[in-house]
Q: 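Following this message is one structure expressed as structure tokens.
All values derive from a computational prediction rather than experimental measurement.
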Amino acid sequence: MSRSHRSAPVHGDDDHLRSLGYEPELIRRMGGFGNFAVSFSVISVLSGCMTLFGFGLVTGGPAVMMWGWVGVGLAVLLVGLSLAEVTSAYPTSGGLYFMAQRLGGPRWGWVTGWLNLLGLLGGIAGIDYGAASFIAAFAALQWGVVPTPGLILTIFAGVLVLHALLNVVGVRVVSLLNSISVWWHLTGVAVIVGVLAIVPSHHQDAGFVFGHFVNETGWSNPVYVSAVGLLLAGYTFCGYDASAHLSEETTDASMAAPRGIVRSIWVSLLAGFVLLTGLLFAVQDYAGTAGAAVPPAQIFLDALGTTGAKALLLIVIGAQLFCGSAETTAASRMIYAFSRDNALPGSATWRRVSPNGVPVPAVWLAVSVAFLLAVPSLWSPVAYGAVTAVNVIGMTPSYIIPVFLRLRRGDRFVPGPWNLGQWSRPVGTAAVVWVVVVTVLVCLPQRYPVTVDTFNYAPVTLIVVLALSAAWYRMAGSKFSVPVVQDAHLARIEELIV
């Protein structure tokens, strides 16, 4: 293929971006697979399923973990389909907040942006702290190190620095890492499940894996406990908006970004189901596993011995590191885009782009804030759960606001080349209903009695962030200058006339 043919899609993407009001600054070096890979890496079944596996064991147990995974996965697929349709029309690094602003006005864009940013930063903290916990567990097996909160936080800081350094190198390296990540995850799941299926002499039966219910929350209502237990799947199925945030670095973005969103969800749904099944069949001592510091590591240890456990832990750690790197990429692009529109304090700094097309200050801000979010883990054993809840409470509502506004806009919405056609309204309506339900679920108390150590801080965090964003809007909202143009097709016609 000639050079002129290769560059044609890039010019088309850049022209569309200009029609939306932005001059291209980032470099388009990512293809469709790379765009899918970043969202798949952020979802990361080897991160989310593993880090909240212990939570699932006591909030409903295997029955809720398995059927909750399927139900939540299918519901999230509806959200992803609806969000993909809007992404096709507005493929920008700002992603959700730009869509909300275009469809509902600046206040909608502002609130969506702050919620999305909260979720992305909480995601980095949750993913990388989980990775640090698994690294500490490996160190305990290998060298007898005691995984204290201080040690885990130190490892966490090192992981954040690693991810920042990988991200500032350039988008080509990021795309390569995410492409490797896809095969690492899929091969890793196959290896872990295969080994756990073959090596242990004892396995649980299907009735246990798909029907055993466990409640160690302190609450007596099984329906309530099951609802709380959905957080395992709810936390894992987060981050697929990364495809939208990387759209300004993707060729044929109006098609590649929405496809990346949808594909990342259904592939993760299948891979996660296989992984959870394999882990639960291999449980040797349920009480011991549920009470372990890192329950999946305990399963590996009980089923395979020390050497086998260490080998599988390395697979999980590698996947978690890929996941954290991808989340850092998505968060930094969100910071860059939000600052480009003067929505953050110090926007002039955070929107700077280096010669290699990377918003370097935004990368370092993302990992710095993520570190601060995890510092309370030094004093509170429930801090990590709070961080994961922050991730879900920020991300989930921000996903559905553009979808809700698109539904409210009706026939005035001009879809992009990837769209749902006549299914747009029913799918979008179901997605909105699901997100309202899951947002309430995430805010519910997870343990009883409710004390300082068991309190769910997610709703408090949500209220604080909304209050701060409202206050900042009063002080600096007039500087929030998201480009406001006419319909994209009319804008292109105007450009041609000029």
Side-chain angles (χ1 to χ4, degrees), residues 43-73 130-131 133-142 147 184-216 226 229-233 235-236 267-320 323:
I43 293 176
S44 182
V45 296
L46 284 174
S47 179
C49 290
M50 293 295 196
T51 52
L52 283 187
F53 191 82
F55 176 86
L57 290 177
V58 298
T59 54
V64 174
M65 294 169 76
M66 294 305 305
W67 296 115
W69 179 265
V70 174
V72 172
S133 299
F134 273 74
I135 293 171
F138 178 85
L141 290 175
Q142 181 68 29
W184 184 283
H185 275 81
L186 295 178
T187 304
V189 168
V191 170
I192 290 172
V193 173
V195 169
L196 291 179
I198 296 171
V199 176
S201 58
H202 168 73
H203 290 90
Q204 302 290 343
D205 58 30
F208 170 86
V209 172
F210 296 101
H212 187 55
F213 181 84
V214 178
N215 176 19
E216 296 182 13
S226 298
L230 297 179
L231 180 59
L232 183 153
Y235 166 64
T236 305
V267 173
S268 297
L269 172 58
L270 296 176
F273 183 84
V274 172
L275 177 64
L276 288 174
T277 303
L279 288 170
L280 290 170
F281 268 116
V283 171
Q284 306 296 306
D285 175 8
Y286 196 95
T289 300
V294 183
Q298 191 64 47
I299 292 177
F300 298 160
L301 190 62
D302 292 343
L304 308 174
T306 303
T307 302
K310 288 189 291 187
L312 295 192
L313 273 176
L314 287 176
I315 294 175
V316 175
I317 290 168
Q320 292 174 331
C323 175

Q: Should Ile299 and Phe281 be marked as a side-chain contact (heavy atoms from CB on, under 4.5 Å) after you check the CA-CA gap, both sets of side-chain angles, and the distance that decides it?
A: CA-CA 10 Å; Ile299 292 177; Phe281 268 116; over 6 Å; no
Q: Roughly how far apart are Phe300 CZ and Thr289 OG1, rounded to 0.5 Å?
A: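 Taking CZ in Phe300 and OG1 in Thr289, the distance rounds to 11.0 Å.
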Q: Can you tell me how far CD1 of Ile192 sits from CG of Leu313, rounded to the nearest 0.5 angstrom?
A: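 If I round to the nearest 0.5 Å, the distance is 8.5 Å.
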Q: Between Asp205 and Phe208, is the side-chain contact (heavy atoms from CB on, under 4.5 Å) condition met? List the steps.
A: CA-CA 5 Å; Asp205 58 30; Phe208 170 86; 3.4 Å; yes
Q: Taking all non-hydrogen atoms of both residues, which atom of Val193 and which atom of Val274 are closest, and how far apart?
A: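 Looking at all heavy atoms of both residues, the shortest contact is CG2-O, 3.5 Å.
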Q: Is the backbone N or O of Ala282 less than 3.5 Å from a side-chain atom of Gln284, with the two atoms forming a donor-acceptor pair by type?
A: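 Judged by distance alone, yes, a pair lies under 3.5 Å.
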Q: Measure the NE2-CD1 distance between His185 and Ile315 for me, rounded to the nearest 0.5 Å.
A: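 Separation between the atoms: 11.5 Å.
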Q: Which heavy-atom pair separates Gln320 from Gly130 by the least distance, and what is that distance?
A: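 Of all heavy-atom pairs spanning Gln320 and Gly130, the closest is OE1-O, 3.9 Å.
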Q: Using modelled atom types only, decide if a donor and an acceptor are shared between the side chain of Gln142 and the backbone of Lys310 within a distance under 3.5 Å.
A: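 Side chain of Gln142 to backbone of Lys310: no pair is present.
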Q: What's the separation between atom OG in Ser133 and atom CZ in Phe138, rounded to the nearest 0.5 Å?
A: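 Here the interatomic distance stands at 15.5 Å.
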Q: So which of Leu314, Leu46, Thr51 actually passes side chain to side chain contact (heavy atoms under 4.5 Å, CB included) with Phe134?
A: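 When Leu314, Leu46, Thr51 are each tested with Phe134, the side chain to side chain contact (heavy atoms under 4.5 Å, CB included) holds only for Thr51.
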Q: Rounded to the nearest 0.5 Å, what separates atom CG in Leu301 from atom OG1 in Thr307?
A: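 Going from the CG atom of Leu301 to the OG1 atom of Thr307 covers 10.0 Å.
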Q: Taking all non-hydrogen atoms of both residues into account, name the closest pair between Ala309 and Leu304 and its distance.
A: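 That closest heavy-atom pairing would be N-CB, 4.2 Å.
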Q: Roughly how far, to the nearest 0.5 Å, is CG of Asp285 from NE2 of His202?
A: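 With rounding to 0.5 Å, NE2 (His202) is 10.0 Å from CG (Asp285).
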Q: For residues 55-71, run the donor-acceptor check on the side chains, cut-off 3.5 Å, and write out each pair with its distance to 0.1 Å, sequence neighbours left out.
A:
unit_1 : atom_1 : unit_2 : atom_2 : d
Thr59  : OG1    : Phe55  : O      : 2.6
Trp67  : NE1    : Phe210 : O      : 2.8
Trp69  : NE1    : Leu269 : O      : 3.0

Q: Thr236 and Ser44: which non-hydrogen atoms are nearest, and at how many Å?
A: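 Where Thr236 meets Ser44 most closely, the heavy atoms are CG2-O, 4.2 Å.
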Q: Can you name the closest pair of heavy atoms from Leu196 and His203 and give their distance?
A: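 Here Leu196 and His203 meet closest at O-NE2, 2.7 Å.
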Q: What closest approach, in Å, do Phe53 and Pro296 show between heavy atoms, and which atom pair accounts for it?
A: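 Scanning both residues completely, I find the closest heavy atoms to be CB-CG, 3.8 Å.
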